[in-house]
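Below is one structure, written out as structure tokens; comments come after it.
Chain letters run A, B, ... following the sequence lines, proteins first, then strands; residues in each count from 1. Basis for what follows: all heavy atoms, side chains included, without hydrogens, waters or symmetry-related copies.
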Amino acid sequence: MGTGNKDTELAPRFQPQAFESKTYAHWWDQGYFGADRHAEADTYVIVMPPPNVTAELHMGHGLNNTIQDVLIRWRRMQGRQALWVPGTDHAGIATQNVVERQLTAEGKTRWDLGREAFVERVWDWVRETGGTILDQLKAIGSSADWDHTTFTLDPGPSRAVREVFVRLYDKGLVYRGHYIVNWCPRCATALANEEVEHEDTEGSLYYQRYPVVGEDTYVVVATTRPETMLGDTAVAVHPDDERHKHMIGKTVMLPLAEREIPIISDDFVDPEFGTGFVKVTPSHDPNDFEIGLRHDLDQVDIFHPDATMSDAVPERFRGKDRFAAREGVVEELKSKGLLEKVEKHAHSVGHCYRCDTVVEPRVSDQWFVKMKPLAEPALDAYRKGEVRFVPEHWGGVYENWLSGVRDWCISRQLWWGHRIPVWYCGSCDAMLVRREDPTTCSECGSGELQQDPDVLDTWFSSWLWPFNTLGWPEETEDLKRFYPGHTLVTAPEIIFFWVSRMIMAGLEFMGEVPFNDVYLHGTVRDHTGRRMSKSLGNGIDPLEVVRIFGADALRFTLTNGMGIGADLQLNNEDLEESFHVGRNFGNKIWNAMRFALPHLEGDVDPLPDPDQLELADRWILARLNSAIREVTDDLERFRLHEAAAELYRYFWNELCDWYLELIKPRLYNESDAEARGVARSVLREVLDLSFRLLHPIMPFITEELWQRLPNRAADSIMISAWPQPVAEWEDAEAEAAIGQLQETLGAVRNIRSEYNVAHGRQIDVMIRAAEAPLLRALDAEGDAARRLGGIGGLSFDGELHGAEATAVLTSGAEVHVPLEGLIDLERERARLDKQADELRNLVERSEKRLASEDFVKKAPEAVVAQSRDKLEGLKEQLTKVDEKRRALDAH
RNA sequence: GGGCGCGUAGCUCAGCUGGCAAGAGCGCUGCCCUUACAAGGCAGAGGCCCCUGGUUCGAGUCCAGGCGCGCCCACCA
């Protein structure tokens, strides 16, 4: 970086704590996170799913933001004007609940404080804790443009909310209605359908007798909620129900309440269920509400907002909680002989998604958004391919939901949030829907205006996120330049809440979808498979992981571990087990550089002409090319786990295990400056490009090490160019040669290991029937090969005596190791027999395949040819193994 | 009631458009503190790819059915 740490000595261990925060601060100071709205390049925009403003970072955030940062860093390196827009959400109901819980602990309620003081108290809490999470995101390396940080209650987004409300109202898409909605008695507010979580519950079905007026008989209704009978205003049967249709028009006496209610007929009733008679409670059941409208039934609201019984019920029940009332009702019915029976009954019960209280359907005045007109374009856009989902099947979920979408209840009886921009005139009853606060009534001039007490659903501001963060409704430069964006990274559970609504809002207000790709990642789980959550106490604190293992280890582990659309399991009881792979990989990278650095002192020439390169150089460049191709392709297809795995494999098993070892002879040989120079140039180049490939996933260590490389092309790896494959680096010849060398050394090492040849002891190796690639490799990399195999004398095509350990390679080349005194003939026979068995097996399979006329005729020619070659090779291997085995017998 | 996902080594999982002599990490076994790395190196053991049928020259991969797990939606009185 600017200061340029040029130490050639690195600490022997990777210690991320030593540089991560310093590196991050430097990036920010240099302004690398911002996109230039005036630059020519194509943009790449991600809007961050805004975490709740008072949230603390958990692994879900860690995963979500790591993915986004990988994509942003990669696209930025590709030269796109990459903008990642961060921010926080006021999270109406969630935040209000937190503060209410604080009040509860103090023995107070929000009503004790009053609206103004309560909201001020929430603001205090937000000021105290808000934004913490953004700092925590920085600790994991997030390169969001913090200058664009937005809070959903900021003046801009607040203006946007009003603008949207008024526009939709003017279009008739926002309306006020007296409907039955989901009501949370604890939060004392309405909820949208999506905010209700259904849980299967083993409940009871109560069969209750309602005496028929004027007759000595009764009808039996079945219900899971006996207490609601106090609000019944009818009993219904199906119009075609032969058993019961004669009852239509009669009247029953509602027990306990002692009210007379009619028997009516309605198509809704399923004659198969229960007795065929249904109690109708228009105030407390969505279906009954509809029936009530059709038949003009009374609505008897038997609950207070907190679900205690209201004055509409007989005095003895008043004030009781709904569940206590249920018991009371059941007891009384039983004692009066009006409870026929009780059956077990499985059904699902709705719970508030924020406090888990059982939701109560309740009739009230609420504001709604008419969804159909907004949903149609959103469906179209999806069907035309303007929005794609990864994994694809989520598109079906999106489509399904939008196709059957119901109107969206957007008013909340909360105090924390965007106030509904509607005023009611106290003198002429006019309703004013305004962008700006009115002071007088436009109808009558009165100043007696009361603003609607409710606030808007949090998602009513979130759905504008892709453009309200860019200044909308102002026609800002940002908006023109950075809308529409490109990728949304989030979890599948908010497809309904957020993803689909953003698409609707984008189309409605901007005329374009807000992003093209929706990447949906899985859930982080603990080692027992449970979702990690605060309430379960099984979470892992990402910051603790950063402290112990570093942000890069965290990021690598998350990226590498999260298969596309799959969940990620981590062990919250053993952080070492979960994160050491990432940490170890960091250490490997660190040590590769630690090895390389002393060899890169002084001037390092650029890559020489191809004809000056050694075989190993050509090989690593070809392998690097392949890594560039694969990693880029994986990122393009959101296959981050495969990108990570490929990088791990390439860097560790090719670059470190082989290339660094192969060039050691040249690097250590000071007497051949030219050969050493070539190795240094290639080493520098390969590390440079490898660090760049690694950078999106492991930004800190790559920056730290890249800064120490000579001949850097940029001030920071963050803004260096993403590697491109180089056509001249393709080199099948080098790949074949080194490939055969690897197999040869593998065979030698295997023999050493099988015969427990001491590590320091050199052995002679004789190779017979080597093909050109292997000869070439042994010629070019002989010194290294000797070192890696602990080989003393290397000879070719000599006489066999029988007392050698032998391996036959796939090319047919034979590796013989004379082991005077060490060789155990029995053991060697067994080795060869095992090898021969395996080969015979393969030969058999291969022959069988080729013997099939269908295969030869129908399979592609290349496949058949490959199969023939393979068989030939196998046979040759087998022959040689057999030969050697016979020679051993003769010995 | 409808829909979706998953079932591959002891564990956690890759395996994308069918060509696999089925992979990785951890764990396990043996040898090695070889001057980049013991957070390491080298060598190895370990698999009815859930079951049954089908399509195909060829199935871990595609199709159908079954079993087992998980999730989502639904006006389940």
Side-chain angles (χ1 to χ4, degrees), chain A residues 10 12-14 198 200 203 205 221-225 228 236 268-270 273-275 277-281 285-290 345-348 391 393-394 396-397 400-401 404 406 492-493 495-496 522-523 527 529 549 560-571 576-578 580-581 583-598 633-634 637 639 641-642 645 648-649 656-657 660 664 745-746 749-754 756-760 787-788 790 810 838-839 841-842 845-846 849 852-860 862-864 866-867 870 874:
Chain A
L10 294 179
R13 280 187 174 211
F14 164 49
H198 294 273
D200 286 335
L205 192 58
V221 299
T223 180
T224 54
R225 304 197 46 204
T228 62
F268 164 77
V269 179
D270 172 9
F273 190 92
T275 60
F277 286 105
V278 181
K279 62 192 271 310
V280 183
T281 322
D285 180 278
N287 294 311
D288 295 4
F289 178 79
E290 295 297 330
H345 183 67
H347 62 136
S348 84
H393 70 261
W394 291 114
V397 173
N400 192 41
W401 183 76
R406 285 173 292 164
E493 57 259 34
I495 291 176
F496 307 144
T523 305
H527 61 292
F549 304 103
N560 185 49
M562 179 60 88
I564 213 152
D567 290 346
L568 171 64
Q569 206 155 0
L570 297 172
N571 190 342
E576 176 87 11
E577 182 189 316
S578 298
H580 78 276
V581 173
R583 190 262 323 256
N584 291 1
F585 187 39
N587 191 234
K588 191 72 183 177
I589 297 167
W590 185 265
N591 275 289
M593 185 62 169
R594 187 161 165 256
F595 160 73
L597 213 44
D633 182 61
D634 288 337
R637 298 189 300 150
R639 308 184 69 84
H641 64 301
E642 297 207 329
Y648 186 94
R649 194 200 56 75
C656 291
D657 289 351
L660 296 187
K664 276 180 181 172
L745 290 172
R749 286 163 161 179
N750 176 268
I751 289 168
R752 294 184 64 104
S753 182
E754 292 266 340
N756 297 320
V757 178
H759 175 257
R787 220 183 121 258
L788 295 177
T810 50
E838 278 166 18
L839 287 167
N841 214 329
L842 293 172
R845 276 162 69 169
S846 192
R849 183 137 78 127
S852 151
E853 242 178 79
D854 278 338
F855 174 68
V856 178
K857 251 194 311 205
K858 293 179 185 167
V863 174
V864 177
Q866 196 189 347
S867 196
K870 196 159 83 185
L874 288 169

- line: Each nucleotide of nucleotides 1-15 of chain B classed B (base within 4.0 Å of a protein heavy atom), S (only sugar-phosphate) or -, in 5' to 3' order, makes ---SS------SSSS

statement: In 5'-to-3' order, the base (B), backbone-only (S) or no-contact (-) status of each nucleotide in nucleotides 38-45 of chain B, using a 4.0 angstrom heavy-atom cut-off, is -BSSSSSS

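Across all strands shown, T228(A) has no heavy atoms under 4.0 Å from either base or sugar-phosphate atoms. A645(A) comes within 4.0 angstrom of nothing in the nucleic acid, heavy atoms only.
Note on K664(A): every side-chain N or O is 4.0 Å or more away from OP1 and OP2 of U35(B). For the pair R752(A) and C32(B), the criterion of a side-chain N or O lying under 4.0 Å from OP1 or OP2 is not met.
For the C1' atoms, the distance linking U52(B) with G40(B) amounts to 48 Å, nearest Å. Comparing the C1' positions of C49(B) and A9(B) gives an interatomic distance of 10 Å, to the nearest angstrom.
Judged by the 6.0 Å distance and 45° axis criteria, K664(A) is positioned over the aromatic ring of F595(A).
When the side chain to side chain donor-acceptor pair (under 3.5 Å) test is applied to D657(A), the partners found at least two apart in sequence or on another chain are N653(A). Every residue was checked against the side chain to side chain donor-acceptor pair (under 3.5 Å) condition with Q866(A), not counting sequence neighbours, and none meets it. Partners of N400(A) under the side chain to side chain donor-acceptor pair (under 3.5 Å) rule, at least two apart in sequence or in another chain, do not exist in this structure. Applying the side chain to side chain donor-acceptor pair (under 3.5 Å) test to D567(A) and every residue at least two apart in sequence or in another chain returns R525(A).
Glycosidic conformation at C42(B) (O4'-C1'-N9-C4 for purines, O4'-C1'-N1-C2 for pyrimidines): anti, more than 90° from 0.
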